[in-house]
Structure formats: structure tokens, C-alpha cells
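Quick notes on the structure that follows.
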Amino acid sequence: MQSTDLTQIIDDTFLEISHSRKNYDSNIQFREMGVVKNISAGTATVTGLPGTGFEELLEFPNNLFGMAFNLDKDEIGVVLLGRNDQLQAGDTVLRTHRVADIPVGENLIGRVIDSLGNPMDDKGPISFQQRNPIERPAPPIMSREAVNAPLQTGIKVIDAIIPIGRGQRELILGDRQTGKTSIAIDTILNQHDKNVLCVYCAIGQRTAAVAKVISELTEKGAMEYTIVVVTEGNSSPGLQYLTPYAATSIAEYFMEQGRDVLIVYDDLTKHARAYRELSLLLRRPPGREAFPGDIFYIHSRLLERATHLNEENGGGSLTALPIIETQAQDISAYIPTNLISITDGQIYLSPKLFELGLLPAVDIGKSVSRVGGKAQLRAYRKISGNLKLAYAQSEELETFARFGTRLDQDTKKMIERGKRIRMIFKQPEMKPVSVPEQLLVLHALINGVFDAVPLDKITKAEALIQKKYYQLPDEVLQRIYSSESLNEVDEAILVMLAKEAITNILKLDSDE
Ligand code: ATP
Ligand code: MG
């Protein structure tokens, strides 16, 4: 070989080496690594990660994540977001430098997801453009506006007496199996033509109960505008704790786009229990009913995110319907009292009314809506006060009448009116009633149209009156939905139509 060739080869080799060196990417990543010290059901203690921030996500082996909850000097208490059967003491833990977040966006509408954004239906993967943190500060006061538009539930007793406004937080509470979920579901069903997006957040419920809700929503076509976020009862308490925050972030995304959104938390009792479990496992000091001291704060910071934004911020709203289960009708237990004071009112469901078959079992005396009255359609104003008073009076008189007192004509009339109000407020589930139909019936009620109808024919009479909705003149319909009150002529038309509808029932009765 000639010496020139050799030089050439050496030169080429050097060139190649220096070239590949320039392009060399070491692929080394610097990550802070700690070690699992011990594990209990749903939580773990980790050492060796001193810089970790509060609520930072930590990565465990097998794609398991955890959230830093207790930051002590030498170790961190971590809430695990998933099953920990494969985790062992001594496993490595990595910092991620980010907080828990959830995918948000239009593609979620109609889907069932878990609290980490994974699909739980069989409609395939979901594509996203954006992820939002699950915990965000509530909108500041300056971005908010008073609640001024109604959120119609389609449930007569609620729309008339305990009206809910868009951006309001109304608690639904009652013992187990008193119809709490049904009220929330009926409200979602009633939004089908109201341009309100709904998020149903199921926390720690039995799989069968959630499946029932989803099938009802699907059957009635409500999934077209609804997102369901589910954490089942057998999931880790960490995931159950996260669920309402994740669902709120999803709802908030739409509110910030100027839309009206309704969110249902079913239910926060289970959420509070999951948080208590985590706190006890992480050895936080227990307080009343063994709940940690900050249980009030975790619910208030969640519900503060529901609001009505002002025009500069898009004018969207987030209405929250949290659900709470009471034990033996005790509304003064720790969690119910907390939530009653956080929310803008409560709908209390009474097991006694449920037993009597007076469904929905709303206890009018114990229920209240503190801001919804101002947002209620003006067409309801006159009815609402009138009905509440008449009902309360008749209840009182009825108690009195039980002692065998002889009653005068007026008192008897009042008691009879009360019975009719109760009958009219009965409503089967999944049968929302539209505003004009409600007004026809309720105007008839306060004007004594039903007084001559025997109690067993009230339901039939009501159905006949509702059908008259098609005969309402356009201008009356317009006024019903506008910010104007109904004038005397409108009211006379409503009453006249109602009377017309039941003439046959009255005639039959007098013939008998
Ligand atoms: P849980 O405590 O188990 O969550 P819940 O308080 O949410 O129960 P629901 O599941 O809503 O109660 O309702 C309990 C039962 O009452 C159900 O079988 C439901 O079908 C029935 N129910 C609820 N509302 C009505 C209604 N307006 N008319 C007839 N039945 C109703
Ligand atoms: Mg329920």
C-alpha cells in the first residue's frame, strides 16, 4: 500500500469520527430518584426526594403514579393513583416536576372516562389538544357576575319553589335510596334543548349503579351533551379523591369558552370518606368524626369553582349539584353541615315522603335556594310564594285537625288545597315537564281550578291541562320565557285553558 493511500484512509476516519461526535446525542436524562420505604392500602412513603413539591406527581414502576401529599423533612407521604399490588418496598420512584392533569376538550362529549382521562366505554381512544391541571384556583370575584339565568330542572316542585340559577351551587341531600340521583339525572335530561353541557361525576359508587345511570342517559339521548367521569367503589382512595377535581377541570374548560355547564357530584360523602381514609393512612391528625381538619377546605375549594363569569370573561357558567347522603336524617352531622354552609341552598329529600309515595320526596320546609329566586323566570314569581305559603299553612292545619277539632269551612278548604298541591308536585322520574306546561298546571292550582276535582282524579286532570300547551298564544309563550311578568290577561288565558281541559272530568263527577 502506498503511503498516500494510508494518509487518505486515516484522514477519512478522523473526519468520520469527528462528524459522528458532533451528531452524538448522549440521551442522558437527569431525573431525581427516590426509594419506596413502605406501602399501605392506597398510600406509600418515599425517601430520597427532598425537592418534591406539594401535589407533585411521582412515577413508580409499572406505570403507576402517585401524588405527593405529606411533605415531611425526611420522607414524603404519597397517595397512589392506581392499584399497588405490584409495588414493593425498595422500588424506585422518580420525580416528574408536574402536577396531576386531565385531558379536556370537545372530544370528551358523549364519553365515559376515568379520573385520569382514560376511556371506559367501547368507543376507542380519545384524541386531545389540551391538558389542564385538575386543581386550579377558583375564578376571582372580579371575573364573576350575579346568577341571573334560570337552570330549569323540569321538576315542578323545584322549578316553582326551590329554583336553581345558572352558576349556583345547590346541594341535594337525603338518606340512602330517597331519590337523590334521580333528581340529578332528571335535571340532566331536561337540558336536551337548553344548550347546557352536563358532566356527571360518579365517585366510589357500585359499578351496577353507574351502569344504570349511563344506560338511562344513553336511552334518552342525553349522552349527546353529557360527559361521565367515573371512579368506582373498588378503585384506590387516591383516584376517588381526585375524581371531582378532574371532572370540574373538564367542566371549567367549557365554561371558559362561554358555555353553560352543569356538573353533578354523586356523591361527596364517598369523596369525604376516601379523603379520610387517605389522611388516616398518612397519619394526619383526625378531628371530628375522624375526618382531618381540612375536610371543609377540600370541599369549599372544589365548589368555589362553580360560578357565573361576567361578559369580559365569556359569560359562561358552571352550576354544581353536589349530592350528600345523610345517616338517619341527621343533617347536622359534620359533612352535611359543612356542605350546607358552602352551597347556596339545599334540596332535602325526606324518607317519610318517599315511603308515602310522594315522589320526588322533596321536603319543602327544609329545602331552600338562596340565589335562584332572582334568576327564576318572572312568570313563576306569583305562584312560588303563594304555593309555599298555602302548603305550609295546610300542613300546620292538618296536624291540628288530627286532634279531632271541628273545622270551619275555610280551614277545610285550605287543607284540601294543601292535599292538591302535594298531588300536583308528585312526578314520575325521567318525565321532565316543560315551563309552559308547569305554568298551566300551577296557575290552575293557585286559582282553585283543582279544588272541585276529586283527589284520585288529580293526576288525570293534570295530564289534560298540560296538553293545552299547544293552544297557548305565541305572545303568551314569548312572555313566559322573557324577563317580563305575565299580565292579568295572560294569567286569565292560562286558567281558562285549564278549566276547559277538565270540564269533562268535572261533568262526569257531577253525573256520578
Ligand atoms: P342511593 O342512596 O342508593 O344513591 P338515591 O338516593 O340516589 O339512592 P335513587 O337511586 O335516585 O336514590 O332512587 C331510589 C329509587 O327510587 C330508585 O329505584 C328510583 O327508581 C326511585 N325513584 C326516584 N325518584 C322517583 C320518582 N320521582 N318516581 C318514582 N320513583 C322514583
Ligand atoms: Mg344515588
Side-chain angles (χ1 to χ4, degrees), residues 152-162 170-190 198-220 222 226 228-234 240 243-244 247 262-274 320-331 333 335-336 339 346-364 366-367 421-434 437-438 441 458-459 462-463 466:
Q152 298 297 145
T153 61
I155 302 170
K156 283 170 283 180
V157 58
I158 299 180
D159 286 346
I161 295 189
I162 321 150
E170 183 79 8
L171 180 68
I172 301 174
L173 81 165
D175 281 9
R176 54 177 298 279
Q177 287 288 305
T178 45
K180 304 181 295 296
T181 306
S182 302
I183 290 207
I185 297 304
D186 285 357
T187 309
I188 293 181
L189 294 185
N190 196 45
C198 304
V199 179
Y200 177 77
C201 168
I203 309 158
Q205 290 191 45
R206 283 173 298 117
T207 314
V210 185
K212 183 170 164 254
V213 169
I214 296 171
S215 77
E216 281 170 3
L217 291 175
T218 314
E219 202 178 294
K220 299 275 170 184
T226 305
V228 179
V229 186
V230 186
T231 309
E232 289 160 6
N234 56 5
Q240 294 189 34
T243 316
L262 166 71
I263 187 165
V264 175
Y265 304 105
D266 196 0
D267 62 49
L268 290 186
T269 313
K270 300 205 176 67
H271 181 245
R273 285 195 198 131
L321 294 181
I323 297 179
I324 279 285
E325 182 184 302
T326 50
Q327 307 285 331
Q329 304 176 55
D330 182 12
I331 57 173
I335 302 299
L339 273 133
Q346 74 271 352
I347 296 172
Y348 178 69
L349 300 175
S350 141
K352 276 198 201 110
L353 294 176
F354 195 93
E355 273 165 31
L356 292 172
L358 296 168
L359 296 169
V362 177
D363 184 325
I364 297 175
K366 285 186 184 154
S367 303
I421 298 177
R422 217 172 297 158
M423 285 298 283
I424 292 293
F425 281 158
K426 264 177 81 163
Q427 191 173 331
E429 48 183 340
M430 291 198 276
K431 291 255 168 7
V433 183
S434 73
E437 287 172 322
Q438 291 191 16
V441 173
I458 296 276
T459 317
E462 188 191 353
Q466 283 185 8

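Every number for a ligand or one of its atoms is a count from 1 in the order of the listing.
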Margin query: So, using side chain to side chain donor-acceptor pair (under 3.5 Å) as the criterion, who are the partners of Asp363 when residues are at least two apart?
Written below: none
Next item on the list: Answer yes or no: is there a donor N or O on one side and an acceptor on the other, between the side chain of Glu325 and the main chain of Asp267, under 3.5 Å?
Entry: no
Notebook entry, point to check: Is Lys180 close to ligand 1, meaning an N/O of one under 3.5 Å from an N/O of the other?
Noted result: yes
Check: Would one find an N or O of Thr181, backbone or side chain, under 3.5 Å from an N or O of ligand 1?
Finding: yes
Item checked: Residue and atom names of protein N/O/S atoms that fall under 2.8 Å from the Mg ion (ligand 2) -> Thr181 OG1
Next item on the list: For Arg176, counting its heavy atoms only, list the atoms of ligand 1 lying under 4.0 Å from any of them.
Entry: 2 (O)
Margin query: Show the atoms of ligand 1 that are less than 4.0 angstrom away from any heavy atom in Ser182.
Written below: 9 (P), 11 (O), 13 (O), 23 (C), 24 (N)
Do [X] and [Y] come within less than 4.5 Å of each other through their side chains, counting heavy atoms only?
X      : Y      : answer
Leu268 : Ile335 : no
Ile162 : Tyr348 : no
Asp186 : Pro432 : no
Leu349 : Lys180 : yes
Val213 : Asp266 : no
Leu339 : Leu173 : no

Item checked: 4.0 Å heavy-atom contact, Gly174 with ligand 1 -> no
Checklist line | Among Lys426, Glu216, Glu429, closest by any non-hydrogen atom to atom 21 (C) of ligand 1 | finding: Glu429
Margin query: Looking at non-hydrogen atoms alone, which of Ala361, Ala209, Ala184, Gly179 comes nearest to atom 12 (O) of ligand 1?
Written below: Gly179
Notebook entry, point to check: What part of Gln427, side chain from CB on, backbone N/CA/C/O, both or neither, has a heavy atom under 4.0 Å from ligand 1?
Noted result: backbone
Which protein heavy atom lies closest to [atom], and at what distance to 0.1 Å?
atom                    : answer
atom 29 (C) of ligand 1 : Leu359 CD1, 3.4 Å
atom 15 (C) of ligand 1 : Gln177 OE1, 3.7 Å
atom 16 (O) of ligand 1 : Phe354 CZ, 3.2 Å

Notebook entry, point to check: So how far is it from Leu262 CG to Thr187 OG1, rounded to the nearest 0.5 Å?
Noted result: 7.0 Å
Checklist line | side chain to side chain donor-acceptor pair (under 3.5 Å) assessment of Gln329 paired with Asp175 | finding: CA-CA 6 Å; Gln329 304 176 55; Asp175 281 9; 4.7 Å; no
Notebook entry, point to check: Looking at Glu462 and Lys426, does any basic side-chain N land under 4.0 Å from a carboxylate oxygen?
Noted result: no
